[in-house]
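Following: one structure in structure tokens, then a few remarks.
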Amino acid sequence: MSEITHIKPYLRLSGLEPLIVRPETNFINVGERTNVTGSKKFARLIREDKYEEALSVARQQVESGAQVIDINMDDALLEGVSAMTTFLNLVQAEPDIAKIPIMIDSSKFEIIEAGLKCVQGKCIVNSISMKEGEAKFIEQAFICKSYGAAVVVMAFDEVGQADTKERKVEICHRAYKILTEQVGYDPQDIIFDPNIFAVATGIEEHSNYAVDFIEATAEIKRLMPLAKISGGVSNVSFSFRGNDHVREAIHSVFLYYAIKAGMDMGIVNAGQLVVYDEIEPTLRDLCEDVILNRNNTNNEATEALINFAETVKAKGKVEVKDEKWRNEPVEKRMAHALINGITDYIDIDTEEARQKYPKPLDVIEGPLMDGMNIVGDLFGAGKMFLPQVVKSARVMKKAVAVLTPYIEQEKEDRKQAHLAAGTINVEAAGAAKILLATVKGDVHDIGKNIVGVVLGCNGYDIIDLGVMVPADKILSEAIKHNVDIIGLSGLITPSLDEMVHIGREMKRRNMDIPLLIGGATTSRMHTAVKIAPEYDNGVVHVLDASRSVTVAGSLLSKEQKPEFLNGIKTEYTKLKSDFGNKKTVKNYLKFSEAQLNPVKIDWDNFIPVKPAFIGTKIFDNYDLSEIAEYIDWQPFFIAWEMHGKFPAILTDEIIGKEATNLYNDAKVLLKKIIDEKWLNAKGVIGFWEADKTAPDTVVIKRGNDAIDLQFLRQQIKKAPGQPNFSLADFIIPAEYEKQDYMGAFSVTIEGIEPHIKRFEDNLDDYNKIILQALADRFAEAFAEVLHKKTRQQYWGYVSDEHLTNEQLIKEEYMGIRPAPGYPACPDHTEKYKLFDLLGGKETTGITLTESLAMYPGSSVCGWYFANPESKYFGVGKIEKDQVLDYTQRKKMSLEEVERWLRPVLEYDA
């Protein structure tokens, strides 16, 4: 208990996963598109009661990097309480959205209170103020506190909105004293919005608005250091709406000074911020004059910026190859090559440095590590991006490869000298060693490879055991190589159990090596609740490659390690305690009641379409050039930790240049893959008669065989008129005596291994990772191709479909192709039936691991549903009554069913 009482006073928010705002935390971006006043698309979907579709807007915000999602339903044509309740309940059933904290945004407190009843974790209320007097303010604050919410307080009192520094500070300080002394709010749970108003309006009284906000922010932070500052950044540039180039510059300049003054978070489109240092100097100076209200007598600065804005155009840049750096000393040339990822001259430069320095190791420890330190600093500061770092690693590896024979020869010479002299040869321990492995049953390793490259760039010796590595091998190799850190990776949910097992084994073997946990399926909460309690010598969840360097540095520093691990242990203990004691409102139906609320379909008037054939059809060596036309590039960039919409990411002010370079390199390799037939695309589709024989059971007829497919149903209590979805709802019930059908598919990309090995032999991690990412994109695109052909030709239920690739990516087609193990059917074990129907490994080319991952890793499978009412959804959490029913239907033990369904269980199993 003593550990919990020393929790540091940070703002701690959470959805399904925590967001802890520490002093070193960067500016927090609040996603604003789930706001009916800020997004026409979102507003339209909500007004048309298309709540399930509206979830895609929220999902896009999360994928684009929002750390908090703002939800607002203030529209005169909406019943706000009902709209907020319905949407938030749906959000809570979508783990990929609900993982981040919610900001409940409304000017009507009854809508806020309705929202508070729906969210899990710790949310933010936006906002309350003293505009209706202290009594109302205190009443609303008590309600927010009773739900455990942090609260945004507007600088607004009985007189009106604060527009000067003095008024902003006065109102915020008064509200702070009321909240902390009368309501009992923790200071760190208070977020002030001191009002950002538009500058450069031509009205002299508005000229100091930005200065007032910045100076008020600094003073509020001085008086109330634990409180946070937020605001709507786009307001400041409202006078220049329509001129995005100037608006983005104004936002960057404003944030540059506001963040320095203490601004912590804000509603801002981060993807449209230009780096402060990269704003053209004339524009930056003019923006600073306006923001800081300098040189602005008689609105001169405003006039100057307006005049400039009329002439400024975003101009394309022409790349000119500059070879002047080749005239620099060898150390500077090597640093330049590392920072810019240039391999053209690294062999000759390394050889020149080897002849200049006394020992070849001096070249590594000198100019090469100096250059990599610069790379590490730039990456840590957000001034370099992952593709650049991987290119830098390629240069480093090639340089080390030149030096390695000389280093090995020196070692041999020293060994022979010691033997001749009869003395003991003691070699230095060298760099810290980090062992990385994808756990048993899992085949995905792109993320692990990227982490290895980034850590390698920072001087660590990486031992990569690859994929599907059993626990015993991981731990035996760790002991054999005397490693300093073990890193585990996994993509599929069964990998979580394997990580828990490895933690137990490390404890049983009395190991004391820190354990890092990472991968798409992992989370800080799962690590704290399930893995950390099994091992006492350090378990740390690492969110992405950029965080791995800081964590590794802290664990390998004798000075930092004890405090770092104590902080992690305290934090995880608190997370585990909160998880165990969480107060959840039981908004779940009994399973029997949920089954009585299926999707309502007019089966009397529905006429099912018979597929063109019954059975399977195999596609081997499918045309890669055709598949390439269907590639969705956005996940390709996400694999490289570059977030943003494609193709807009290519012109993004911050990462656009590097995104374009990466895209061009990928297109070159893509052409080579197609022209030289590096890969083989293999697919299978199949269709069969299907009967729904029970609410969540569909029987597939294959000749004389009957194969029972079992599905799960949403149990969360929905708003009136909203169904509790199950995939079985999209098949005609048997009593209608109409023959319905179901389909299945699998696709895989074969032949990658020799090309991966060639890139590895050439020390080319950059192209290796591009190739892996492209193989994944090929698999997804091939699935899209076959689904399109299924809809138009092989099943033919929409033969006249004409959709663009963008529309396909947005899933605007009729019918769905959900995959076992994913939100609509989260049970991986149904894959056994799917692959049995398709003909097994011999036909599909795919092997299922013991954790039911697919090998090759670039593979996709799923079911086909043709019903026009079918749509994607997430089952969400389910109660034990459904699990018991499912156990009987599956004819499996309760323990085994709970093991496979653990991520969706509402109870502890």
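For R222 and E219, the salt-bridge test passes: some basic side-chain N is under 4.0 Å from an acidic carboxylate O. A salt bridge links D189 and K122; the closest N-O separation between the charged side-chain nitrogens and carboxylate oxygens is under 4.0 Å. Using a 4.0 Å cut-off between charged side-chain N and carboxylate O, K50 and E48 make a salt bridge. Between E215 and K168 there is no salt bridge, since no side-chain nitrogen of the basic residue lies less than 4.0 Å from a carboxylate oxygen of the acidic one. Salt-bridge formation is not detected for the pair E170/R174: no Lys NZ or Arg NE/NH1/NH2 atom is positioned less than 4.0 Å from an Asp or Glu carboxylate oxygen. A salt bridge does not link K131 with E158: every distance from a Lys NZ or Arg NE/NH1/NH2 to an Asp or Glu carboxylate oxygen is 4.0 Å or more.
Counted within 6.0 Å of NZ on K145, heavy atoms from surrounding residues, nucleotides or ligands total 12 or fewer; the atom is thus considered open.
With D289 contributing its side chain and A301 its backbone, the two residues share no donor-acceptor pair below 3.5 Å. Listed for the S82 side chain is no donor-acceptor partner under 3.5 Å among the backbone atoms of E79. A donor-acceptor pair under 3.5 Å links the side-chain atoms of T651 to the main chain of A648, judged by distance alone. Looking at S146, its side chain does come within 3.5 Å of a backbone N or O of I143 through a donor-acceptor pair. With hydrogens and angles disregarded, no donor-acceptor distance shorter than 3.5 Å links the side chain of K228 to the backbone of D264. With hydrogens and angles ignored, the 3.5 Å screen pairs no side-chain donor or acceptor of S577 with any backbone N or O of T573. Within the 3.5 Å criterion, the main-chain N or O of I97 finds no donor-acceptor partner in the side chain of R59. Put simply, the side chain of T217 never gets that close to the backbone of A261: no donor and acceptor are under 3.5 Å apart.
Counted by atom type alone, S106 and D74 present one or more donor-acceptor pairs between their side chains at under 3.5 Å.
Here the side chains of K718 and N89 are not in contact, with every heavy-atom distance at 4.5 Å or above. Put simply, the side chain of V151 reaches to within 4.5 Å of the side chain of I128, judged on heavy atoms. Within the 4.5 Å cutoff, the side chain of I229 has heavy atoms near those of the K221 side chain. Looking at heavy atoms from C-beta onward, K117 lies in side-chain contact with Y147 at the 4.5 angstrom threshold.
Under the side-chain contact (heavy atoms from CB on, under 4.5 Å) test applied with V125, the options L116, I102, V153 reduce to a single match, L116.
Closest heavy-atom contact between I71 and M84: O-CE, 3.5 Å. Taking every heavy atom of both residues into account, E94 and F873 meet most closely at OE2-C, 4.1 Å. Listed here is the closest heavy atom pair of T180 and P187: CG2-CG, 4.3 Å.
Ring geometry for F42 versus F87: interplanar angle over 60°, hence perpendicular rather than tilted (30 to 60°).
If you look at F213 and F254, their ring centroids are closer than 6.0 Å.
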